[in-house]
Amino acid sequence: MLKKPRWDIFCTIIDNFGDAGFCWRLARQLANEHGLEVRLWLDDLSILSQIEPAIDVDEDKQCLRAVEVCCWRESFVNTQPADVVIETFACTLPDNYILAMADLPQQPVWINLEYLSAENWTLDCHCLPSFHPHLSLTKYFFFPGFVEGTGGLLLEKSLLPARVSFNNISQDIFFQELGLQSRRDGELYISLFCYDDAPIEELLSACVISDVPIRVLVPQHSVNNAIGMFFGIDSPTVGQVLQSAKLKVCIIPFLEQDKYDQLLWACDINFVRGEDSFVRAQWAKRVFIWNIYPQAEQSHRLKLEAFLNLYTERMSPEMSVAVCSLWNAWNGNGQMINAWPIFAAQMTELTEYSNKWIRQLLPIGDLTSNLIRFSRKDQI
Amino acid sequence: MKTAMELRVGNVAMVDSAPMVVQKCEFHKSGRNASVVRMKLKNLLSNTVTEAVYRADEKFDMAALEQENCTYSYYADPLYVFMDSEYNQIEVEADCMSEVMNYLIDGMEDICKLTSYNNKVISVELPTIVVREIEYTEPAVRGDTSGKIMKLARLKGTSYQIQVAAFVEIGDMIEVDTRTNEFKKRA
């Protein structure tokens, strides 16, 4: 019987939940869908435990959902490298681990899994080698992306069927679990997950003067203070409902990954951020607005523009203007109060477009399968 | 030591014990203030060219290279022999001659720059401008002296052909830019 290929995924948590969230999804998919032996090395289990409550932060090694989760604090002196080694988001592998890779008779497939970007240069760099300056080791750069010629996006086989089977009954059950009432006809549901510097007050002000009732669901996180300030209260807590005119803001618990997907499916509009929730929102077949990770020298603006160019390419001019104006305003370049009504007027068309966008993404294949395919290439 | 971000075209970095000259580099911001550098590298030992990508903070040892000015002396099959200012003979393999061959003629006095790594010549560089004689070209076109209309011409001694201005004739001495192989003017 052939031995299962072993994969090691390394992740250092720079900030927030995206690093751990992405790696946890990747690890689970490799193990559960592809039957691979997967170790996930994380330098901070407490972050993962917020996304996956079953994680025991005091355990250095534990097996969960067919993945061996290891706390990355050991010296790696006696660690046998895996057949495929993934360093995520340019984290630096432990020196001892790299030396152990170089000592192996057959070099493991070593992949640096990069950040997601729609910029064209990623196509030129995708799958290029990176020869180690001092050792006989070659690492390959692998870029996720939205077009052919990139690595694609994370997508589990079960995600889209689960999305389809998520009906009104499952939606009611989901809201009940969150302590919320069932959806009311004519009410617009919005989920809100963003960085601290997003113009939250502007968004809420725009919602207050909306013609339709709006309910904003906010998983408990750092932006709650800004929400509290808008309503003139201190940090709102889970379960609290804040109201102004036709706007209601509900603070819900921070959700584990599978539940967060359901939140995206249950809402009409999803404000998402970074990479992980941004990708999940695309598979949710709902209208979404991206809060991009802010970078030095405003370089995130180029990345936002690159994605908008791609995403709006097949939209009508009106829809494209509505999307670009609101997304730019949400990322600090424009007025939400002006952009919101124009965007809201395009809701029906935008929801339809979400389906078209998925059809555009599917032929690229999912990131995990593309990674496996690449790792098996004869030339590596 | 230099980081990938500090490397420039023409720098020679050591990559797994091989000196690699940077022929092209592009800097890109990836995510969360991280960056990558895409490079075209030429292995000076094997002459192979490869594309690679590095994290901007990847550290490289720089190759310890020696350079000296020499003149071409003669061909001693299969080696090309150059002479330094102290009349020492230096043998160079054909692989290192690359585009120099296009302009290599007996008795040439051009000062060439020989680059060595571990006492082995790895590249030969001609002066930016060399003067060569036209061995053959089609007759000059009457009436056009602008230099904008070009035609093919064969250099004496090498049979290498370049585009020259239409007014250039057989026997003319011309200046050629060896970086671009472009005709500059009549010498």
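Side chains included, hydrogens not; waters and symmetry mates left out as well; all remaining heavy atoms used.
Between the side chain of B:Arg55 and the main chain of A:Cys91, a donor-acceptor pair closer than 3.5 Å is present.
A:Asn96 CG: more than 12 foreign heavy atoms inside a 6.0 Å radius. A 6.0 Å sphere centred on CD of B:Glu109 holds no more than 12 heavy atoms belonging to other residues, nucleotides or ligands. Counting heavy-atom neighbours within 6.0 Å of B:Gln163 CD, excluding the residue itself, gives a total above 12. Counting heavy-atom neighbours within 6.0 Å of B:Asn88 CG, excluding the residue itself, gives a total above 12. Atom CD of B:Glu51 is surrounded by more than 12 heavy atoms from other residues, nucleotides or ligands within 6.0 Å.
For chain B, no part of A:Thr122 is nearby; none of its heavy atoms comes within less than 4.5 Å. Using a 4.5 Å cut-off between heavy atoms, A:Glu275 does not touch chain B at all. Both the backbone and the side chain of A:His134 come within contact range of chain B, with heavy atoms under 4.5 Å apart. Residue contact with chain A, scored on non-hydrogen atoms closer than 4.5 Å, involves the side chain of B:Glu58 exclusively. Residue contact with chain B, scored on non-hydrogen atoms closer than 4.5 Å, involves the backbone and the side chain of A:Ser136 alike.
Between B:Lys29 and A:Glu297 a salt bridge is recorded (basic side-chain N to carboxylate O distance below 4.0 Å).
Within the model, atoms CD of A:Gln295 and OG of B:Ser30 stand 7.5 Å from one another, a figure rounded to the nearest 0.5 Å. With values rounded to the nearest 0.5 angstrom, A:Leu137 atom CG is found 8.0 Å from B:Asp16 atom CG.
Contact tally against chain B (heavy-atom pairs below 4.5 Å) for A:Leu302, A:Thr92, A:Ile292: the top residue is A:Thr92. The choice from B:Met14, B:His28, B:Lys59, B:Arg32 that makes the most heavy-atom pairs within less than 4.5 Å of chain A is B:Arg32.
For the pair A:Phe131 and B:Tyr54, the minimum side-chain heavy-atom distance is below 4.5 Å.
Under the side-chain contact (heavy atoms from CB on, under 4.5 Å) test applied with A:Leu128, the options B:Val53, B:Val36, B:Thr50 reduce to a single match, B:Val53.
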Audit row: A:Trp121, B:Arg38, side chain to side chain contact (heavy atoms under 4.5 Å, CB included) steps and yes/no: CA-CA 9 Å; A:Trp121 64 263; B:Arg38 179 181 167 217; over 6 Å; no

